[in-house]
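Okay, so here's the structure we're looking at.
Every heavy atom of this structure was used, including side-chain atoms; hydrogens, water molecules and symmetry mates were not. Worth saying up front: this structure is predicted, and the values here are computed from it rather than measured.
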Amino acid sequence: MGPPIPSGSACRLGGYSTIPSPFSMDDMTFRGLGHRLVDTLAAHLDKLPREPVYRPLPTEVRQELEKMDIPAEGLAAEDVIEGFLRLVLPYGRGQNHPCFAAFVDPAATKLSMLAAFASAVTNTSGAGGNYAAIYVERAVIRWLMELIGFPQDGSDGVLLGGGSDANRHCLEVARYWGAQVNGWDIRAEGLHGHPRLTMYMSAEGHSCLEKAAFTLGLGAPRKVMAGEDFRMDLADLRAAIAADRRAGHRPFLVVANAGSVKTGAIDPLGDLSKFCRQEGLWLHVDGAYGGFGVLDPRLAHWYAGLERADSVALDPHKWLAVAIGCSCAIVREGPLLQDTYKLIPSYLSLPPGQGFAGEVWYSHRSAEQTRDSGRALKTFWNIQQAGKAGLVDHVRRHIDLARYLEEVIDASPDLELLAAGPLTAVCFRYVPASMRGHDQSLNLLNQAIMEDLQVGGRAFLAGTDIRGRFALRSCALHYALDEGHVQAVADAVRDAGHRRVLAGAPLRAGDELTAPMPRRTRIEEAARCVS
């Protein structure tokens with residue numbers, strides 16, 4: 001017999017609480033809010049190409065968000081949405097704008113935005129069981145393998161939140177395998193007391209790989225030199241592995257780029273796959289940015305050997321224009337995914353065929369239990385909307401527009417191309433005639449140009465180092481990108497550079513800048529990206 005119910009309680013025997021839920025919303029209110037929000041957001045997207053790419057967050061907005069208290073009483077849903085429209089929507093990073101070309105975070109398609117909403121309505125965990133969301137994810141993984149030409153028989157995969165997640169996931173599986181082939185069970189014994197498992201990556205590899213290495217207990221990975229074309233040097237890799245073996249380490253993993261984020265370089269995947277097979281090493285390919293470049297038939301030869309990799313990381317929320325975030329970790333020897341992660345507590349012991357239990361459990365393929373099934377639906381809808389032919393055209397157009405940007409740079413006497421791979425990353429700088437041959441001054445100038453562009457609103461570029469020279473980096477992947485946007489980005493760079501030179505001091509051949517140039521909060525306030 002339970003304890004007595006206190007007098008004055010809101011509950012009574014045989015009844016329910018009389019206190020209404022603060023989250024309740026009637027059907028008509030939900031419909032009305034939804035329609036008004038979609039109309040408002042559609043208008044925002046429609047005018048976005050004519051707006052600044054990025055609006056600096058006003059101090060008063062930042063302070064309001066920083067100091068905002070939990071409401072003592074709940075707000076009306078209309079007021080909650082109004083707060084979003086006022087404080088958040090105008091001040092994003094800008095990646096839905098056609099002239100956002102800084103990071104590999106392109107615009108989301110409108111259909112994938114709707115998919116995110118539709119998935120939230122089902123509010124289904126993608127953990128596993130006999131329901132539709134699981135089989136949508138299964139179809140998406142199979143389709144992604146097909147798109148990059150990866151063998152499906154015996155392979156397995158799982159959708160995750162981003163490229164860093166997918167790369168780390170594959171490295172975790174490789175680590176499990178590496179310990180196994182070297183004589184121990186990492187799940188039972190960990191790493192302590194065993195020979196060091198050593199990982200190798202290109203010096204041009206993404207920082208998430210290095211981060212994964214040290215958080216997985218592997219220590220710093222060996223950085224392999226890249227050649228003049230920014231591709232991994234196989235001779236340097238051979239030498240590093242031989243030296244580590246002599247030192248008693250256990251080389252087990254090589255990570256290759258299928259499109260480095262900095263320059264779009266694709267490592268020699270065919271040679272690396274042969275080498276890794278001969279040496280008994282796991283080959284992982286980071287294709288988060290560039291893996292889908294294989295869809296362009298003109299580039300397919302660069303990817304020869306990808307199909308022989310042991311694992312691949314892909315990011316549909318990059319080149320496939322899926323709303324953030326969705327990545328995919330693919331493993332050739334599929335059972336290793338479950339060997340690495342599978343753990344079934346008693347309360348999740350559900351024999352297939354009983355109740356809702358099914359045969360496919362993605363919670364057995366990752367460290368996640370509750371999983372976002374929206375990742376699959378967003379990608380499912382995008383692939384369905386474009387079809388394979390449409391995706392090929394989508395990738396080809398971006399490749400062609402990157403080559404067009406190179407032509408614009410080559411035709412401009414004050415722009416200089418510093419690096420370009422076969423994909424969409426283009427690294428260049430502004431070089432006025434008065435500063436040619438003075439790299440330190442040009443580094444300062446171009447860094448200032450980048451900062452001005454980012455807050456100026458006409459275009460948004462990132463910067464990177466190309467052999468000691470500061471480069472502006474364009475990697476435009478907006479699904480609606482055209483030649484006008486490309487020209488607008490180049491024009492914005494030239495205008496910003498011209499203004500910086502004029503604002504600094506009269507510069508002559510041989511002059512060096514001795515102090516940082518003055519900052520400007522806005523360049524040509526009225527100027528906008530051409531759409």
Side-chain angles (χ1 to χ4, degrees), residues 30-31 33-46 48 81 84-85 88-89 92-93 95-98 100 104-129 131-148 157-163 165-166 288 291-292 295 313-330 360 362-363 366 368 370-395 477-481:
F30 178 64
R31 289 172 184 264
L33 285 173
H35 286 303
R36 289 200 297 276
L37 183 60
V38 168
D39 285 343
T40 301
L41 296 179
H44 167 78
L45 291 171
D46 181 60
L48 187 61
I81 292 174
F84 164 77
L85 298 178
V88 179
L89 184 63
R93 193 165 69 165
Q95 51 256 57
N96 279 339
H97 196 291
F100 181 92
V104 194
D105 288 333
T109 67
K110 293 174 181 176
L111 189 62
S112 72
M113 296 175 191
L114 294 175
F117 172 70
S119 177
V121 171
T122 70
N123 197 36
T124 300
S125 169
Y131 48 93
I134 300 305
Y135 293 93
V136 170
E137 181 159 349
R138 199 172 197 183
V140 166
I141 293 166
R142 177 168 48 84
W143 289 355
L144 293 176
M145 291 181 187
E146 179 181 340
L147 287 174
I148 67 167
V158 62
L159 298 182
L160 298 158
D165 291 336
F292 294 111
L295 288 169
L314 297 170
D315 248 8
H317 75 208
K318 289 187 169 66
W319 216 334
L320 297 194
V322 171
I324 292 173
C326 180
S327 63
C328 186
I330 297 172
V360 181
Y362 285 107
S363 59
S366 76
E368 297 178 309
T370 302
R371 303 180 61 257
D372 180 8
S373 63
R375 300 166 185 162
L377 190 66
K378 292 182 291 188
T379 310
F380 192 65
W381 283 16
N382 264 23
I383 295 176
Q384 286 182 312
Q385 182 185 22
K388 191 167 184 179
L391 292 176
V392 170
D393 290 342
H394 173 73
V395 169
L477 290 174
H478 194 291
Y479 58 85
L481 188 72

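Distance NZ/Lys110 to CG/Asp46: 6.5 Å, rounded to 0.5 Å. Note: Gln95 CD to Leu477 CG = 12.0 Å, rounded to the nearest 0.5 Å. With rounding to the nearest 0.5 angstrom, the CG atom of Leu481 is 10.0 Å from the NE2 atom of His394. Note: Met113 CE to Leu45 CG = 4.5 Å, rounded to the nearest 0.5 Å. We find the CG-CG distance between Leu314 and Leu147 to be 9.0 Å, quoted to the nearest 0.5 Å. Here CD1 of Ile383 is found 11.5 Å from CD of Gln385. Values are rounded to the nearest 0.5 Å.
Looking at His317, its side chain does come within 3.5 Å of a backbone N or O of Cys326 through a donor-acceptor pair. No donor-acceptor pair closer than 3.5 Å links the side chain of Lys378 to the backbone N or O of Val322. Using a distance-only test at 3.5 Å, with no hydrogens or angles considered, no donor-acceptor pair links the side chain of Lys388 to the main chain of Leu295.
For Arg31, the salt bridge (charged side-chain N to carboxylate O under 4.0 Å, His left out) partners are Asp27, not counting sequence neighbours.
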Sequence neighbours left out, cut at 3.5 Å: what donor-acceptor pairs do the side chains of residues 115-126 make with other protein atoms?
| residue | atom | partner | partner atom | Å |
| --- | --- | --- | --- | --- |
| Ser119 | OG | Gly374 | N | 3.1 |
| Thr122 | OG1 | Ser119 | O | 2.8 |
| Thr124 | OG1 | Thr122 | O | 3.2 |
| Ser125 | OG | Ala127 | N | 3.2 |
| Ser125 | OG | Arg371 | N | 3.2 |

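Within a 6.0 Å sphere centred on CZ of Phe30, heavy atoms belonging to other residues, nucleotides or ligands number 12 at most.
With contacts defined as side-chain heavy-atom distances shorter than 4.5 Å, the pair Leu85/Ile81 qualifies.
Screening Ile324, Leu320, Asn382 for a side chain to side chain contact (heavy atoms under 4.5 Å, CB included) involving Ser112 leaves a single residue, Asn382.
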- request: Check step by step if side-chain hydrogen bond (donor to acceptor under 3.5 Å, both in side chains) holds for Ser327 and Asp165.
  value: CA-CA 7 Å; Ser327 63; Asp165 291 336; 5.3 Å; no
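Scanning both residues, Ala288 and Asp315, for their nearest heavy atoms gives O-CB, 3.1 Å.
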